[in-house]
Every structure is written in C-alpha cells, then in structure tokens.
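Scope of the values below: all heavy atoms of this structure, side chains included, with no hydrogens, waters or symmetry mates. Counting convention: from 1, in listed order, for ligands and their atoms alike.
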Amino acid sequence: MTKLSVNINKIATLRNARGGETPSVTEAAIKIQEFGGQGITIHPRPDERHITRKDVYDLKPLVTTEFNIEGNPHQSFIDMVLDVKPEQVTLVPDADDAITSNAGWDTKKHQDYLTEIIAEFKNAGIRTSIFLDPLPELVEYAAKTGADRIELYTEAYAKNYLSNKEQAIKPYYDTAVAANEFGLGINAGHDLSLENLKYFADTIPNLLEVSIGHALISEALYMGLENTVQSYLKRLAKW
Ligand SMILES: CC(=O)[C@@H](O)[C@H](O)COP(=O)(O)O
Ligand SMILES: NCC(=O)COP(=O)(O)O
C-alpha cells in the first residue's frame with residue numbers, strides 16, 4: 001500500500017500572504033487527516049516563507065497519522081527535528097534561496113556527511129529518508145549512509161509524463177529496483193498530481209509513500225479539499 005502524505009506548505013503560503021491565521025495550517029492538517037490523508041508533510045525553510053518554526057511545534061500534537069518534516073539539515077533544522085521527533089525526516093539538499101527543491105543528494109560525494117546526520121536521527125528513533133534523483137548508481141551510497149528510505153525526486157517524471165510516460169518513468173523504475181535490492185524503502189514526491197500519480201504508483205515496485213502538496217492544494221481550489229484528498233487515495237488504491 002502506498003500512503004498519501006499531504007504537504008501543507010501551500011496552506012501556509014496563503015496564510016502568510018496576509019500575516020494572520022487564515023487559512024489555518026493546523027485546521028488544514030486536522031481536516032486532511034479526517035478526510036483520509038495518511039500523513040502530513042511540511043518543509044520549513046530557513047526564511048519561513050511558508051511553514052514557520054511555530055507551525056512545526058503547533059502541528060506536532062495534531063498529527064496523529066505520520067508527521068514527515070523535510071529540509072536541508074543545517075544545525076538549527078537538526079535541533080528542531082530532534083526536539084519535535086516526527087515519525088520521519090526527509091533530508092533535502094536545497095539552497096536557502098531556492099524557489100523550491102531542485103535536486104537530490106549526491107550520495108557518493110556526501111556519504112560521510114549524511115551518515116553522521118542520519119545516525120543522530122536514528123538514535124532518536126526518527127525514520128530517515130534521503131531525497132534522490134532517479135540515478136540507480138547513487139542508491140548503493142544512499143544505503144551506506146544508514147538511511148531507511150529514499151525519496152525519489154519526481155519533477156522530471158511529472159514534466160515528461162504527458163509526452164512519453166514510459167520513457168519518463170524508466171530511470172525511476174531502475175532506481176526503485178536498485179533500492180529494493182539494497183533494502184531501502186521508497187518514497188516519492190514533487191509535482192505529482194491527480195493526472196500523473198496513478199501510473200507512477202502502479203509502476204514503481206514497493207512504493208511506500210508519496211508526499212504531494214502543490215498540485216493537491218491547487219486542485220482543491222476547484223474540487224474541495226475532501227474530494228481532492230479522496231481522489232488521490234483512489235489513484236493509489238490497488239483494487
Ligand atoms: C522536497 C520536495 O520535493 C518538495 O517538494 C518540497 O517540500 C516543496 O517545497 P516548497 O513547497 O517550498 O516548494
Ligand atoms: N516531498 C515532496 C512534497 O512534499 C511535495 O511536493 P509538491 O507536491 O509540492 O511538488
């Protein structure tokens with residue numbers, strides 16, 4: 001079964017546009033879980049452009065499904081995650097000024113660095129996942145860091161899905177096969193949508209979780225949040 005973790009960064013983006021509490025990030029998390037969402041993902045960035053440190057702490061007691069915190073492991077991020085203790089931390093190597101995440105880790109080059117950080121999270125009982133481009137040759141080094149999972153960075157798949165979905169998914173399939181061989185769990189995310197999700201979930205072997213935000217919150221403007229969450233769950237259902 002592939003779990004749906006809803007990324008609520010965009011709820012915070014909208015809230016921050018007016019500086020008040022509307023729409024409420026905590027209420028969104030509660031509702032998404034009521035509607036069937038199986039996890040809540042956030043990506044607190046150092047400039048707090050959407051999710052703030054306060055949000056992270058406010059959300060912790062309200063996330064009764066699976067709390068996934070994404071981010072570049074600067075010391076302040078590491079300290080916050082160790083303090084909050086979510087179920088999962090996803091390490092993403094994005095520059096502070098990046099508009100959004102735009103690359104996975106070079107796990108060969110950063111193997112020692114990642115190994116050290118991952119050990120800290122593992123000692124605290126937090127599952128670890130490494131954001132990774134669909135490059136099978138990097139999987140071996142991801143496994144050597146001690147990470148529990150990889151998160152496949154799906155922007156390229158989403159971009160090329162409509163023109164040639166078989167070609168678009170090939171590197172992801174190959175990377176997933178390698179991850180299965182090395183005993184790594186597989187998550188995926190970035191630009192997944194109602195349109196491109198089903199083929200991805202049906203093709204990738206042992207896909208454990210997808211985290212989806214931008215498209216889901218955009219689609220919810222027209223379809224409503226409950227209907228949208230449930231439509232995603234249907235795309236992930238195997239029957
Ligand atoms: C790790 C990743 O792929 C992200 O999609 C990310 O969490 C989105 O961040 P923004 O919402 O800041 O674009
Ligand atoms: N890890 C990916 C994520 O949380 C959401 O990415 P997106 O759907 O906002 O592109």
Side-chain angles (χ1 to χ4, degrees), residues 2-17 23 25 28-29 32 37-53 55-56 59 63 65-74 77 81 86-105 114 127-134 142 147-161 172 175 185-198 200-201 204 207-221 225 228-229 231-232 235-236:
T2 306
K3 279 190 181 176
L4 171 67
S5 183
V6 177
N7 182 318
I8 56 173
N9 292 351
K10 287 292 165 353
I11 303 283
T13 304
L14 194 54
R15 181 218 34 209
N16 294 356
V25 165
I32 286 164
Q38 295 144 324
I40 296 293
T41 289
I42 53 171
H43 190 140
R45 294 184 179 275
D47 61 6
E48 299 193 314
R49 72 181 79 152
H50 41 57
I51 295 293
T52 63
R53 279 182 73 86
D55 290 327
V56 180
L59 283 164
V63 179
T65 52
E66 181 205 274
F67 198 19
N68 176 37
I69 305 183
E70 303 183 328
N72 199 335
H74 300 315
F77 177 85
V81 173
E87 279 71 28
Q88 178 173 271
V89 61
T90 301
L91 306 181
V92 184
D94 44 9
D96 291 353
D97 60 354
I99 289 176
T100 186
S101 310
N102 52 17
W105 289 97
L114 288 167
R127 188 168 73 227
T128 53
S129 180
I130 299 181
F131 202 53
L132 201 73
D133 287 305
D148 300 293
R149 298 187 184 185
I150 56 166
E151 177 176 327
L152 292 169
Y153 168 39
T154 48
E155 183 183 352
Y157 164 74
K159 198 168 166 200
N160 298 313
Y161 170 80
Y172 292 89
T175 307
I186 302 168
N187 296 341
H190 202 96
D191 282 341
L192 292 174
S193 68
L194 276 179
E195 183 170 59
N196 62 35
L197 177 63
K198 185 165 172 48
F200 191 86
I204 298 301
L207 180 62
L208 296 173
E209 178 182 296
V210 287
S211 49
I212 307 182
H214 184 79
L216 188 153
I217 301 301
S218 304
E219 287 149 352
L221 291 175
L225 194 51
T228 308
V229 169
S231 299
Y232 273 90
R235 298 291 193 282
L236 293 172

Considering only the protein, which heavy-atom contact is closest to [atom], and what is its distance?
| atom | value |
| --- | --- |
| atom 11 (O) of ligand 1 | N9 ND2, 2.8 Å |
| atom 13 (O) of ligand 1 | T100 OG1, 2.5 Å |
| atom 7 (O) of ligand 1 | E70 OE1, 2.4 Å |
| atom 2 (C) of ligand 1 | S101 OG, 3.3 Å |
| atom 4 (O) of ligand 2 | N7 ND2, 2.7 Å |
| atom 8 (O) of ligand 2 | G213 N, 2.8 Å |
| atom 9 (O) of ligand 1 | R45 NH2, 3.1 Å |
| atom 3 (O) of ligand 1 | H190 ND1, 2.9 Å |

State, with a plain yes or no, whether a side-chain heavy atom of [X] is found less than 4.5 Å away from one of [Y].
| X | Y | answer |
| --- | --- | --- |
| T175 | I150 | yes |
| L194 | R235 | yes |
| F77 | I69 | yes |
| I8 | V6 | yes |

Can you sort out which atoms of ligand 1 are near [X], meaning under 4.0 Å from one of its heavy atoms?
| X | value |
| --- | --- |
| K10 | 11 (O) |
| H50 | 10 (P), 11 (O), 12 (O) |
| N7 | 7 (O) |
| F131 | 1 (C), 2 (C), 3 (O) |
| V92 | 1 (C) |

Going by the atom numbers of ligand 2, which of them fall below 4.0 Å from some non-hydrogen atom of [X]?
| X | answer |
| --- | --- |
| E151 | 1 (N), 2 (C) |
| T41 | 4 (O) |
| G189 | 2 (C) |

Discussion item. Would you say N7 and S211 are linked by a side-chain donor-acceptor pair, where the criterion is simply a distance under 3.5 Å?
Written reply: no
Worksheet item: Side-chain donor-acceptor pair under 3.5 Å between K10 and H214, yes or no?
Response: yes
Worksheet, complete the sentence: Between P134 and Y172 the two heavy atoms that sit nearest each other are CG-CZ, 3.5 Å
Item to complete: Kindly indicate, with the supporting measurements, whether the criterion side chain to side chain contact (heavy atoms under 4.5 Å, CB included) is fulfilled by I42 and D55.
Response: CA-CA 9 Å; I42 53 171; D55 290 327; 5.9 Å; no
Discussion item. More than 12 heavy atoms of other residues, nucleotides or ligands under 6.0 Å from CG of L221: yes or no?
Written reply: yes
Practice prompt. Report yes if H214 has an N/O atom closer than 3.5 Å to an N/O atom of ligand 2; otherwise report no.
Written response: yes
Fill in: Test of proximity, F131 against ligand 2: N or O pairs below 3.5 Å
no
Worksheet item: Are R45 and D47 within salt-bridge range, i.e. N to O under 4.0 Å?
Response: no
Discussion item. Can you tell me which residue among N68, T41, T65, N187 is in a side-chain hydrogen bond (donor to acceptor under 3.5 Å, both in side chains) with S5?
Written reply: T41
Worksheet, complete the sentence: Closest to atom 5 (C) of ligand 2 by heavy-atom distance, out of S5, G39, S218, S211, is S211
Discussion item. Which option wins on minimum heavy-atom distance to atom 6 (O) of ligand 2: K10, E209, H190?
Written reply: H190
Discussion item. Could you go through L192 and Y157, starting from their C-alpha distance and side-chain angles, then the distance that decides it, and tell me whether this counts as side chain to side chain contact (heavy atoms under 4.5 Å, CB included)?
Written reply: CA-CA 9 Å; L192 292 174; Y157 164 74; 4.1 Å; yes
Discussion item. Students often mix this up, so state it plainly: with edges at 30° and 60°, are the rings of F131 and Y153 parallel, tilted or perpendicular?
Written reply: tilted
Worksheet entry | Part of D191 within contact of ligand 2 (heavy atoms, under 4.0 Å) | both
